[in-house]
There are 2 protein chains.
Amino acid sequence: MKVTYKGDYALKTILDLALHYDKELVTTHDLAVRIDAPIKFLEQVLSELKKGGFIESRRGNVGGYMLARKPAKITVGEVIRFIDGPIEPIACLKGEYANCSDINKCVFRKVWEDTTKAISGVIDNVNFDDLVSKVKSQQEEPIYSI
Amino acid sequence: MKVTYKGDYALKTILDLALHYDKELVTTHDLAVRIDAPIKFLEQVLSELKKGGFIESRRGNVGGYMLARKPAKITVGEVIRFIDGPIEPIACLKGEYANCSDINKCVFRKVWEDTTKAISGVIDNVNFDDLVSKVKSQQEEPIYSI
DNA sequence: TACTTATCCTATCTGCTTAGTAGGAATTGT
DNA sequence: ACAATTCCTACTAAGCAGATAGGATAAGTA
């Protein structure tokens, strides 16, 4: 599993849109400023997220983006898998590996399967409602230091 | 976390040497044939594994390689980390990431930390004695099909 | 001593992926 | 008509993976 900049931008995009859910549309420009991403690169990420059914858009003068689903219905795992590809640590689990003469006898296979499950157990159990709550609780946090 | 061919060859190398532990030295040639790796590429992997203290070598006519430690004292996690680098799914956990303005406020950080722990929980708890046992039990397995 | 069989060392190469850039077409409200 | 936006396609620079190449060095043996 490797989370690229593209995946990182995608996650931050979904989180930003989740914070504006049921309010106003978000433009690429505003998003790019807030998540600190190159706007032209971000455009491509947004295009993919739209194709993936994560977000919707409105073109023209007062256009912008919004989430296609409720934040609670989108998980980190879904987004990462869609943008950065399968989370398997090694290609052999996808059957795209030349060096597995007898895949059923490979003693490492179980290790990679267990690893994949362990990763899934984390990223598939965090949704964007959780993250929105976390962001909001951080903002409300009292200041303990003087 | 991404396991490369190099990492895969390294793991298979350690396993093969574990299967020959306390017996004879293993040559690069024999190893290359058994694990199906290009010999010149494998040489580089062996060189790294030696630098990492996993294996020892003997040069010359009757040379070859052997494990530097007992199979039980080498884990899959150790080898992978040494050959393929840190298992963190994203660079921000290593502090090598430009896009984290305030790392303590990033709500994704915990996700990546939890992911890293989950992966470690698997790969750091498999050692090469476990794998040797598994290989041997597979070899002894009765044939159920006619 | 010559020869063989090993490990060891360093440089080079090719294709792929990541991250980003560039330029403009299409759409929509004012 | 104009401005602001999404949308589309192509290109590029840098880095990395996965080798390949050519030999130097070491050690046992006839």
Using whole Å, what does the distance between atom [atom2] of nucleotide [N] and atom [atom1] of [X] come to?
{"X": "B:His29", "N": "C:dA6", "atom1": "NE2", "atom2": "P", "value": "8 Å"}
{"X": "A:Ile83", "N": "C:dT17", "atom1": "CD1", "atom2": "C1'", "value": "16 Å"}
{"X": "A:Phe41", "N": "C:dA22", "atom1": "CZ", "atom2": "P", "value": "15 Å"}
{"X": "B:Asp84", "N": "D:dA17", "atom1": "CG", "atom2": "P", "value": "8 Å"}
{"X": "A:Lys2", "N": "D:dA17", "atom1": "NZ", "atom2": "P", "value": "9 Å"}
{"X": "A:Asp30", "N": "D:dT5", "atom1": "CG", "atom2": "P", "value": "8 Å"}
{"X": "A:Glu56", "N": "D:dT6", "atom1": "CD", "atom2": "C1'", "value": "14 Å"}
{"X": "A:Leu25", "N": "C:dG29", "atom1": "CG", "atom2": "P", "value": "11 Å"}

> Looking at residues at least two apart in the chain, or sitting in another chain, which of them share a ring pair (Phe, Tyr, Trp, His ring centres under 6.0 Å) with B:Tyr65?
Replying inline: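 So B:Tyr65 forms no ring pair (Phe, Tyr, Trp, His ring centres under 6.0 Å) with any residue.
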
>> Quick check: on DNA chain D, is the nucleotide nearest A:Val62 upstream (toward 5') of the one nearest A:Lys51, or the reverse? Name the residue that is more 5'.
In response: A:Val62

Side-chain N or O of [X] closer than 4.0 Å to phosphate OP1/OP2 of [N]:
{"X": "A:Thr27", "N": "D:dT5", "answer": "no"}
{"X": "B:Lys6", "N": "D:dA17", "answer": "no"}
{"X": "A:Tyr9", "N": "C:dA19", "answer": "no"}
{"X": "A:Ser57", "N": "D:dT6", "answer": "no"}
{"X": "B:Tyr65", "N": "C:dC8", "answer": "yes"}
{"X": "B:Thr4", "N": "D:dC16", "answer": "no"}

Report the nucleotide, chosen from [options], that has the shortest atom-to-atom distance to any side-chain atom of [X].
{"X": "A:Arg59", "options": "C:dC8, C:dA25, C:dT4", "result": "C:dA25"}
{"X": "A:Glu43", "options": "C:dC8, D:dA21, D:dC7", "result": "D:dC7"}
{"X": "B:Pro38", "options": "D:dA19, C:dA6, C:dT28", "result": "D:dA19"}

>> Under 4.0 Å between a side-chain nitrogen and a carboxylate oxygen: does that hold for B:Lys51 and B:Glu48?
In response: no

> Should the pair A:Lys12-A:Asp8 be classified as a salt bridge under the 4.0 Å nitrogen-to-oxygen rule?
Replying inline: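 Here A:Lys12 pairs with A:Asp8 in a salt bridge, since their nearest N and O are under 4.0 Å apart.
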
>> The test is side-chain contact (heavy atoms from CB on, under 4.5 Å); show your working for B:Val79 and B:Ile74 and say whether it passes.
In response: CA-CA 8 Å; B:Val79 177; B:Ile74 306 175; 3.7 Å; yes

>> Please determine whether any donor N or O and acceptor N or O are separated by less than 3.5 Å between the side chain of B:Lys40 and the base of D:dG18.
In response: no

> Using a cut-off of 4.0 Å on non-hydrogen atoms, how would the nucleic acid contact of A:Ser47 be classed: base, sugar-phosphate, or nothing?
Replying inline: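 Contact class for A:Ser47: none.
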
>> For the backbone of A:Thr4 and the side chain of A:Asp84, can you confirm whether one donor and one acceptor N or O come within less than 3.5 Å of each other?
In response: yes

> Between A:Gly60 and B:Lys50, who's closer to the 5' end of DNA chain C by nearest nucleotide?
Replying inline: B:Lys50

